[in-house]
Number of protein chains: 2
Amino acid sequence: MRQDIRVAVDAVVFGYDQEQGISVLLIKRKIEPFKKMWALPGGLVLNEESLDSAVHRELQEEAGIDVKFLEQLYSFGNPGRDPRNRVISISYFGLVRPRDFELVARTDAEDVAWFNISKLPPLAFDHKKIVETAISRLRGKITYEPVGFELLDKEFPFSDLENLYQTLLDQPIDRRNFKKKISSLGILEELDRTVQRGAGRPARLFRFNRKKYFELKDRGYNFDFFS
Amino acid sequence: MRQDIRVAVDAVVFGYDQEQGISVLLIKRKIEPFKKMWALPGGLVLNEESLDSAVHRELQEEAGIDVKFLEQLYSFGNPGRDPRNRVISISYFGLVRPRDFELVARTDAEDVAWFNISKLPPLAFDHKKIVETAISRLRGKITYEPVGFELLDKEFPFSDLENLYQTLLDQPIDRRNFKKKISSLGILEELDRTVQRGAGRPARLFRFNRKKYFELKDRGYNFDFFS
DNA sequence: ACAAAAGTGTTGCCATTACACCCATGC
DNA sequence: GCATGGGTGTAATGGCAACACTTTTGT
């Protein structure tokens with residue numbers, strides 16, 4: 001019998017926010033199977049498009065967002081992961097600043113929303129497994145490359161970076177040692193301006209030096225976070 | 001138009017040998033397209049089988065070998081990577097001891113052979129790119145997990161491990177420091193026996209402590225190889 | 001006896017860790 | 001003036017890197 005397998009892409013897009021922590025973008029399905037359940041944005045690849053284009057298109061179509069940082073995660077292909085036909089899912093991993101986007105549910109999606117990664121609803125298909133894979137990739141990532149460029153505002157107080165790392169590592173960091181380490185990498189530029197956040201002393205703003213940041217990312221770097 | 005994409009798996013299986021260094025397993029294609037060219041073992045996934053089974057089956061069918069260590073590498077899916085139909089390839093990465101197997105060309109393969117990774121012939125499809133991706137994964141791998149269990153003989157002199165790392169890193173290693181580092185990981189067991197290799201003093205044999213080796217592998221470990 | 005490979009310790013240095021008080025602002 | 005978050009330096013430790021000579025065998 002001729003091969004009868006379909007190919008889909010699915011995206012696990014993470015956002016970071018001081019209040020919410022790390023969130024994942026989900027859509028509520030408008031159609032069967034798993035109608036009304038939350039699921040990862042994604043869908044079948046068109047005949048003429050590349051896999052990368054397919055993910056970008058689906059994110060645009062279903063959630064109305066344009067994710068710049070996307071990389072391939074893993075391909076899930078067990079028979080039976082879709083109850084109707086055999087579909088293999090090529091999953092992607094993305095990072096964005098949620099505040100940069102206004103979510104808009106379209107086409108197959110009845111709703112779109114951010115969910116904190118520790119408060120996920122039940123998910124359609126094997127999407128729970130996909131999200132878990134993505135989270136463990138994200139956690140692993142910060143130990144061998146810098147993370148933050150895609151998740152923080154263009155200009156941010158140092159404590160934002162510190163909080164991001166604490167959230168991702170799920171453990172406290174010594175502020176002074178962390179500052180020393182990051183500063184020594186030379187990927188940050190200190191600005192003259194400050195920002196006030198609630199009570200307390202105003203914080204100086206920083207931004208990433210795009211060039212050095214990506215150089216370091218390409219070379220790879222071993223952070224040793226234990227403290 | 002209904003989706004018309006096929007799904008294949010391809011395997012980049014590496015072998016290590018004191019004389020040959022790092023090699024890749026290739027087959028010579030018996031059929032069009034790219035008839036008579038060298039290519040990675042692989043082929044279309046059957047309707048009812050998992051991706052993992054598909055790779056194992058293809059390796060068995062085309063090369064007659066049974067690869068125990070296999071993990072997913074990356075999925076390549078550009079339209080046009082196969083000149084006839086659209087085929088996406090889910091590639092896998094494997095490690096074996098070449099001496100454990102006798103290669104046997106079967107089904108679609110006219111020939112099977114090991115090629116040193118620096119002396120590869122022209123390859124069919126985009127297999128050159130796939131092999132390059134696999135090599136860079138292999139190089140990366142040894143910096144965050146131990147490697148060797150799957151590539152060395154059950155019992156081996158310490159110098160084999162040292163040579164393996166030197167080959168993979170493509171740079172000399174200080175023998176004393178390397179010994180100290182590996183010993184401190186507690187993944188090696190020293191045996192009473194020795195082995196003689198050509199001239200020189202006989203070398204004591206070692207073997208991996210399977211349990212501790214895989215514990216370390218799961219936990220992840222940061223080697224810092226610079227020297 | 002010499003060539004070839006195996007085996008083995010010490011020292012200096014640098015990077016990581018641990019640790020606590022002052023500063024600028026809002027209320 | 002007090003609560004809140006921002007900002008900063010030093011000393012001790014431990015892990016890594018550099019480094020060369022002796023041992024055991026074959027020829």
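Letters A, B, ... mirror the listed sequences (proteins, then strands); counts begin at 1.
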From [atom1] of [X] over to [atom2] of [N], roughly how many Å is that when rounded to an integer?
X      : N      : atom1 : atom2 : value
A:L161 : D:dG6  : CG    : C1'   : 15 Å
A:Q196 : C:dA24 : CD    : P     : 13 Å
B:E162 : C:dT8  : CD    : P     : 13 Å
A:I182 : C:dT16 : CD1   : P     : 11 Å
B:R193 : D:dT24 : CZ    : P     : 20 Å
B:L185 : D:dG15 : CG    : P     : 13 Å
B:K180 : D:dC19 : NZ    : C1'   : 10 Å
A:N177 : D:dA11 : CG    : C1'   : 12 Å

message: Nearest heavy atom decides the nucleotide; on that basis, is A:P202 or A:R176 closer to the 5' end of DNA chain D?
response: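 It is A:P202, whose closest nucleotide lies nearer the 5' terminus.
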
Side-chain N,O (A:K179) to OP1/OP2 (D:dG7) below 4.0 Å: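 No.
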
Distance test, side-chain N/O of A:S159 to OP1/OP2 of D:dG6, below 4.0 Å: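 Yes, because at least one side-chain N or O of A:S159 sits under 4.0 Å from OP1 or OP2 of D:dG6.
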
task: Would you mind checking if A:R99 and A:D153 are paired as a salt bridge, meaning a charged N to carboxylate O distance below 4.0 Å?
output: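 Between A:R99 and A:D153 there is a salt bridge, with a charged N closer than 4.0 Å to a carboxylate O.
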
query: Ion pair present between B:E61 and B:R106, side-chain N to carboxylate O less than 4.0 angstrom?
result: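 No, B:E61 and B:R106 are not salt-bridged.
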
- prompt: For the base of C:dG7, is there a side-chain donor-acceptor partner from B:R175 under 3.5 Å away?
  reply: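 Checked by distance alone, the answer is yes.
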
- prompt: Would the number of heavy atoms belonging to other residues, nucleotides or ligands and lying under 6.0 Å from CZ of B:R204 be above 12?
  reply: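 No, because the 6.0 Å sphere around CZ of B:R204 holds 12 heavy atoms or fewer from other groups.
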
task: Side chain of A:D174 only, please: which of C:dG7, C:dC19, D:dG7 is the nearest?
output: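 The answer is C:dC19, which lies nearest to the side chain.
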
query: Considering only side-chain heavy atoms of B:R201, which listed nucleotide, C:dG7, C:dT25, D:dA17, is closest?
result: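 Taking heavy atoms from C-beta onward, the closest nucleotide is C:dG7.
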
- request: To the nearest 0.5 Å, tell me how far B:L70 CG sits from B:H56 NE2.
  value: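 Separation between the atoms: 4.5 Å.
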
- prompt: Just by modelled atom types, is the A:Y74 backbone N or O under 3.5 Å from a matching donor or acceptor in the B:Y74 side chain?
  reply: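 No; judged by distance alone, with no hydrogens or angles, the pair does not exist.
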
